Amino acid sequence: MSSTDLAPPPSTGLAQPVSAGLVAALVGFTSSFAVVLSGLMAVGATPREAASGLTIVCVTMGVGTLWFSWHTRMPVMMAWSTPGAALLASSTLPAGGFRTAVLAFVITGVLIALCGLVRPLQLLVELIPVPIAQAMLAGILLPLCVVPFAGLQNAPGALAPVIAAWVVLVVFAPRWAVPGALVAAVVVMVVDGAFSQVDAVQAVPSLSFVMPNNSWTAALGLAVPLFLVTMTSQNIPGMAVMASFGYRPRLSPMLTYTGGATAAGAFVGGHAINLAAITAALVAGPDAGPDRSRRWVAGVTCGIGYIAFGPISALVTAVAEAAPAQLLAGIAGLALIGTLAASARAALEADESRLAAALTFVVAASGLTLYGIGAAFWALVAGVVVTLLQLAAHRRSAREITVSR
């Protein structure tokens with residue numbers, strides 16, 4: 001092996017990691033802010049409270065991304081919980097309204113932080129079968145992904161151009177499919193005259209304090225699925241993505257930060273932040289430059305970008321409120337189709353877990369609510385119970401075969 005084989009890859013300066021970080025921030029924000037707003041409003045947030053929640057998750061995930069990337073010299077990406085927001089969007093209004101949801105967000109943050117501080121709790125979450133967790137997520141996403149197409153019947157003029165832009169871009173430039181759909185939505189709003197209806201007062205950045213109530217049953221029914229979907233669909237895959245590019249930062253401090261920031265941000269409407277999975281690949285992979293030792297700059301740049309998006313969240317929310325009916329929900333649904341496809345495949349791929357996963361999927365998609373607890377929780381219960389019963393039956397059959405021999 002020659003000395004040239006041992007040499008590091010040629011440096012291209014900071015331009016490539018900086019540009020990758022900016023792209024990650026832009027794609028991360030534009031591809032799913034509609035899901036966050038839809039989720040917060042579905043559990044009772046007013047437009048001002050939803051804007052406050054969007055602002056705080058932008059800032060806290062930006063600060064976390066910036067700090068951990070700089071401190072570890074690795075491209076550590078944080079994001080809001082898109083699956084968690086989808087869970088909220090598919091939920092019914094909890095008893096006690098948004099104040100109950102805020103209590104659920106606080107509980108979620110505490111549970112995530114405890115996973116960072118108490119290793120056995122993190123291991124317990126990892127014991128949940130992946131097909132069951134993915135089936136729960138797919139079931140949550142299905143009703144949301146149907147919205148843009150079901151809405152064509154009532155709002156074809158608003159949704160058809162957005163869907164057409166998304167379809168073309170998802171084939172030829174997948175990364176820009178949702179931002180392109182947003183551009184089409186802006187054109188629709190210009191033609192519709194929606195921008196003249198934007199409330200200038202609502203567009204002013206502000207944080208709205210919300211005091212949680214004591215509706216513990218309803219809050220736990222929302223918090224447990226939100227915690228589990230955030231851990232299994234974001235935090236654990238996020239570490240796996242980083243490891244695939246050779247980065248292995250300590251998970252404990254990051255879980256402690258994201259949990260603490262989630263609990264604190266809940267008081268101004270934020271639902272949850274976590275390690276990023278999809279956008280992590282943008283800053284940890286070759287897109288951020290050939291020199292792996294410099295890719296942390298992409299993380300720092302993305303963190304700054306997320307923080308910058310915080311103050312404009314109120315304006316974004318005000319514009320979304322003025323949009324034609326079903327346009328925001330339609331964009332959110334389109335943004336989640338790729339995640340739905342990946343989750344459904346992971347859930348139903350293995351023969352031995354397919355029945356339990358299918359049951360989990362249909363229960364999660366049903367919208368079932370019992371004792372004030374939503375479908376996602378009962379879907380997880382159903383899937384785990386069937387999995388355990390199948391495991392017991394398999395062990396019994398194995399014992400009978402052994403005895404017969």
Side-chain angles (χ1 to χ4, degrees), residues 31-45 79-94 101 104-105 107-108 111-112 125 128-150 178 218-237 271-274 277-278 328-348 353 356-370 372-384 386:
S31 64
S32 55
F33 79 86
V35 185
V36 175
L37 292 179
S38 296
L40 292 174
M41 291 181 185
V43 292
W80 53 53
S81 177
T82 301
L87 168 67
L88 300 180
S90 68
S91 303
T92 56
L93 183 68
F105 303 160
I107 296 170
T108 299
L111 290 173
I112 293 173
V125 172
I128 297 172
V130 171
I132 301 304
Q134 291 296 325
M136 178 182 71
L137 178 58
I140 291 166
L141 296 177
L142 179 61
L144 303 175
C145 293
V146 168
V147 168
F149 305 98
V178 176
L220 283 169
L222 187 60
V224 172
L226 179 58
F227 161 69
L228 291 175
V229 80
T230 299
M231 286 296 297
T232 59
S233 300
Q234 291 285 159
N235 283 328
I236 295 172
H271 69 298
I273 66 168
N274 45 242
I278 298 174
L328 179 65
I331 294 171
L334 293 173
L336 293 168
I337 288 177
T339 305
L340 169 63
S343 299
R345 177 179 178 180
L348 302 173
S353 59
L359 178 62
T360 304
F361 173 79
V362 296
V363 173
S366 70
L368 169 72
T369 299
L370 290 175
I373 300 174
F377 176 83
W378 297 117
L380 188 67
V381 170
V384 170
V386 171

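In this text the structure is predicted, and so the values were computed from the model without any measurement.
- To the nearest 0.5 Å, atom CZ of residue F377 and atom CG of residue L368 are 11.5 Å apart.
- Shown here are the side-chain hydrogen bond (donor to acceptor under 3.5 Å, both in side chains) partners of S343, two or more places apart in sequence or in another chain: Q134.
- Side-chain contact between L222 and F227: absent, with no pair of heavy atoms (C-beta onward) separated by less than 4.5 Å.
- L228 and L380 make their closest contact through CD1-CD2, 2.8 Å (heavy atoms, listed as atom of the first residue, atom of the second, distance).
- Between V386 and the options I132, L359, V381, a side chain to side chain contact (heavy atoms under 4.5 Å, CB included) holds for only L359.
- Summarising the geometry of A358 relative to L348, their closest heavy-atom pair is N-CD2, 4.0 Å, with the distance given to 0.1 Å.
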Show me the side-chain donor-acceptor pairs of residues 32-44 shorter than 3.5 Å, one per line, residues at least two apart or across chains.
residue, atom, partner, partner atom, Å
S32, OG, G28, O, 3.3
S32, OG, W80, NE1, 2.8
S38, OG, A34, O, 2.9

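- Residue L141 holds its CG atom at 8.0 Å from OG of S90, rounded to the nearest 0.5 Å.
- A distance-only check finds no donor-acceptor pair linking the side chain of H271 to the backbone of F105 [under 3.5 Å].
- The distance from the CG atom of L144 to the CG atom of L87 is 9.5 Å, given to the nearest 0.5 Å.
- Taking every heavy atom of both residues into account, L226 and V229 meet most closely at O-CG1, 3.4 Å.
- Exactly one of V178, I331, L334, T82 qualifies for a side chain to side chain contact (heavy atoms under 4.5 Å, CB included) with S31. That residue is V178.
- The two residues P148 and G333 have their closest heavy-atom pair at CD-CA, 4.1 Å.
- Residue A357 comes nearest to A135 through the heavy atom pair O-CB, 3.2 Å, listed as atom of the first residue, atom of the second, then distance.
- For T360, there are no side-chain hydrogen bond (donor to acceptor under 3.5 Å, both in side chains) partners at least two apart in sequence or on another chain.
- To the nearest 0.5 angstrom, T108 atom OG1 is 11.0 Å from N274 atom CG.
- Summarising the geometry of M136 relative to P225, their closest heavy-atom pair is CE-O, 4.4 Å, with the distance given to 0.1 Å.
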